[in-house]
Asker: 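The structure follows.
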Amino acid sequence: MNIRLNILDLDYKILKIIRLFVLFFLKLTYAKDLTGLYIGAGTGLNITKNSGLIKTYTPSNDAGYQYIGNPTGYSMPFNADLGYKVNNYFGVEFNFFHSGNQIYQQASNSPNQSNFWGSQNIFGLSALGFLPLSSDFSLKARAGVALSVASMTTYIGNPATINPTSELGLGVSWSISKNLAIDFDYINYGLLAPMQLKYRPPQSGQPNLGVVDTITVNSFLFSLNYHI
């Protein structure tokens, strides 16, 4: 009799443990239902990496130029997004990203020592994937395409160029209420398709320098999203 009671007690404990594991798993995989349309905005830190940068100088038709190299520029960006979350696992997002102005300086032996600025305006479209970790937190990843308008100031011969490029990223989404979520994102533009600035001579017939800069953009963003 005692053996049967012990077996029944053991079975009950095993079932209780299984039940706890099931509840724990459901808690991890359940996320707040923030599906549907959302809008958001954010800022953070932008890091623009330049490769093979050539800078023109002197305000004349016969512009000189100098190879500057591979400088890195830092700026405070602005990002706005409009997205649709199909369910707790998939979504699509359109975003506008303005890098802010990165400041650069001519080399020490340049005839013109004035600073100049670079910036990138990017329109992106990405597919999003979410992995809920709890009812409030989800990991997320993105992959998509973008259109970039990259430019520099005080440049003899306009280097502003429109480029198709890639958009890749990872992040975390934290649901703080029924309609609000805070997102932390790392987004890269240009890893698969770097942005290039192509020189346009100020007058026809002058030498064309070709590609005067190759750019990749890395942004670290803190955003607030409102789910409608």
Side-chain angles (χ1 to χ4, degrees), residues 24-51 70 72-100 102 118-150 163-177 179-196 214-228:
F24 179 72
F25 176 78
L26 290 174
K27 181 176 178 60
L28 285 180
T29 56
Y30 171 76
K32 288 181 179 176
D33 186 19
L34 293 182
T35 57
L37 193 67
Y38 66 87
I39 56 174
T43 186
L45 173 66
N46 176 72
I47 303 174
T48 296
K49 294 185 177 181
N50 302 270
S51 177
N70 307 317
T72 297
Y74 301 88
S75 56
M76 180 178 290
F78 169 77
N79 186 77
D81 56 68
L82 173 65
Y84 187 85
K85 197 170 179 183
V86 179
N87 52 40
N88 288 328
Y89 301 94
F90 299 102
V92 62
E93 183 177 285
F94 169 79
N95 70 300
F96 166 71
F97 174 84
H98 173 63
S99 66
Q102 307 103 41
S119 65
Q120 300 81 43
N121 293 301
I122 301 175
F123 301 87
L125 180 64
S126 291
L128 303 179
F130 297 88
L131 177 62
L133 298 180
S134 72
S135 60
D136 298 318
F137 288 93
S138 294
L139 299 178
K140 65 176 182 174
R142 72 174 63 225
V145 296
L147 193 65
S148 166
V149 182
N163 288 270
T165 188
S166 56
E167 179 175 343
L168 301 169
L170 296 172
V172 176
S173 183
W174 176 28
S175 303
I176 59 175
S177 73
N179 299 100
L180 291 176
I182 294 175
D183 285 20
F184 302 90
D185 286 284
Y186 162 70
I187 302 177
N188 170 277
Y189 298 100
L191 179 66
L192 302 180
M195 294 161 272
Q196 294 183 329
T214 300
I215 296 171
T216 57
V217 171
N218 296 283
S219 61
F220 300 86
L221 298 170
F222 168 84
S223 304
L224 184 65
N225 288 316
Y226 177 76
H227 293 255
I228 300 173

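Numbering of residues begins at 1 and proceeds along the displayed sequence.
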Asker: What's the shortest heavy-atom distance between Leu180 and Tyr226, and which atoms?
Answerer: CD2-CD1, 3.6 Å
Asker: Assess whether side-chain contact (heavy atoms from CB on, under 4.5 Å) is satisfied between Leu191 and Thr216, documenting all intermediate values.
Answerer: CA-CA 7 Å; Leu191 179 66; Thr216 57; 5.9 Å; no
Asker: Say you draw a straight line from OG of Ser219 to CG of Leu45; how long is it, rounded to the nearest 0.5 Å?
Answerer: 9.0 Å
Asker: Using the rule given for side-chain contact (heavy atoms from CB on, under 4.5 Å), can you reason through Ser148 versus Tyr189, listing the C-alpha separation, both sets of side-chain angles and the distance that settles it, and then say yes or no?
Answerer: CA-CA 9 Å; Ser148 166; Tyr189 298 100; over 6 Å; no
Asker: Which atoms form the tightest heavy-atom contact between Asp81 and Ala41, and what is the distance?
Answerer: OD2-N, 4.4 Å
Asker: Would a distance-only check, ignoring hydrogens and angles, find a side-chain to backbone donor-acceptor pair under 3.5 Å from Ser134 to Asp136?
Answerer: yes
Asker: Of all the heavy-atom pairs spanning Ser119 and His98, show the shortest one and how long it is.
Answerer: CB-CE1, 4.3 Å
Asker: For the residue pair Phe97 and Ile187, establish whether any side-chain heavy-atom pair is separated by less than 4.5 Å.
Answerer: no
Asker: State, without any angle test, whether Asn225 and Ser223 hold a side-chain donor-acceptor pair at a distance under 3.5 Å.
Answerer: no
Asker: Step by step, work out the side-chain contact (heavy atoms from CB on, under 4.5 Å) result for Val172 and Leu139.
Answerer: CA-CA 5 Å; Val172 176; Leu139 299 178; 3.9 Å; yes
Asker: Okay, side chain of Thr43, backbone of Phe78: is any donor-acceptor separation there less than 3.5 Å?
Answerer: no
Asker: Specify the closest pair of heavy atoms between Gly44 and Leu221, including all atoms of both residues, with the distance to one decimal.
Answerer: N-CD2, 4.4 Å
Asker: Examine the side chains of Ser173 and Asp183 and answer whether a donor and an acceptor come within less than 3.5 Å of each other.
Answerer: yes
Asker: With Phe130, which residues qualify under ring-ring contact (aromatic ring centres under 6.0 Å, His included), at least two apart?
Answerer: none
Asker: Please name the pair of heavy atoms, one in Leu125 and one in Glu167, separated by the smallest distance, quoted to 0.1 Å.
Answerer: N-OE1, 3.8 Å
Asker: Should we say atom CZ of Phe94 is surrounded by more than 12 heavy atoms from elsewhere, each under 6.0 Å from it?
Answerer: yes
Asker: Is the backbone of His227 close enough, under 3.5 Å, to the side chain of Asn179 for a donor and an acceptor to pair up by distance?
Answerer: yes
Asker: What's the shortest heavy-atom distance between Ser51 and Asn70, and which atoms?
Answerer: CA-OD1, 3.2 Å
Asker: Checking Phe123 now: which residues fulfil ring-ring contact (aromatic ring centres under 6.0 Å, His included) with it, not counting sequence neighbours?
Answerer: Phe96
Asker: So do Pro132 and Tyr89 actually touch side chain to side chain, heavy atoms under 4.5 Å?
Answerer: yes
Asker: Report the distance from atom NZ of Lys85 to atom CG of Leu128, rounding to the nearest 0.5 Å.
Answerer: 9.0 Å
Asker: Would the distance check show the side chain of Asn163 and the main-chain N or O of Thr165 forming a donor-acceptor pair, the cut-off being under 3.5 Å?
Answerer: no
Asker: So Asn50 and Gln102, do their side chains get closer than 4.5 Å, heavy atoms only?
Answerer: no
Asker: Run the side-chain contact (heavy atoms from CB on, under 4.5 Å) test on Leu224 and Ile182 for me, step by step, so that the C-alpha distance in whole Å, both residues' side-chain angles and the decisive distance to 0.1 Å come before the verdict.
Answerer: CA-CA 5 Å; Leu224 184 65; Ile182 294 175; 3.9 Å; yes
Asker: From Ile47 CD1 over to Thr72 OG1, what is the distance, rounded to the nearest 0.5 angstrom?
Answerer: 8.0 Å
Asker: Give, for atom CD1 of Ile122 and atom CE of Met195, the distance between the pair rounded to the nearest 0.5 Å.
Answerer: 4.5 Å
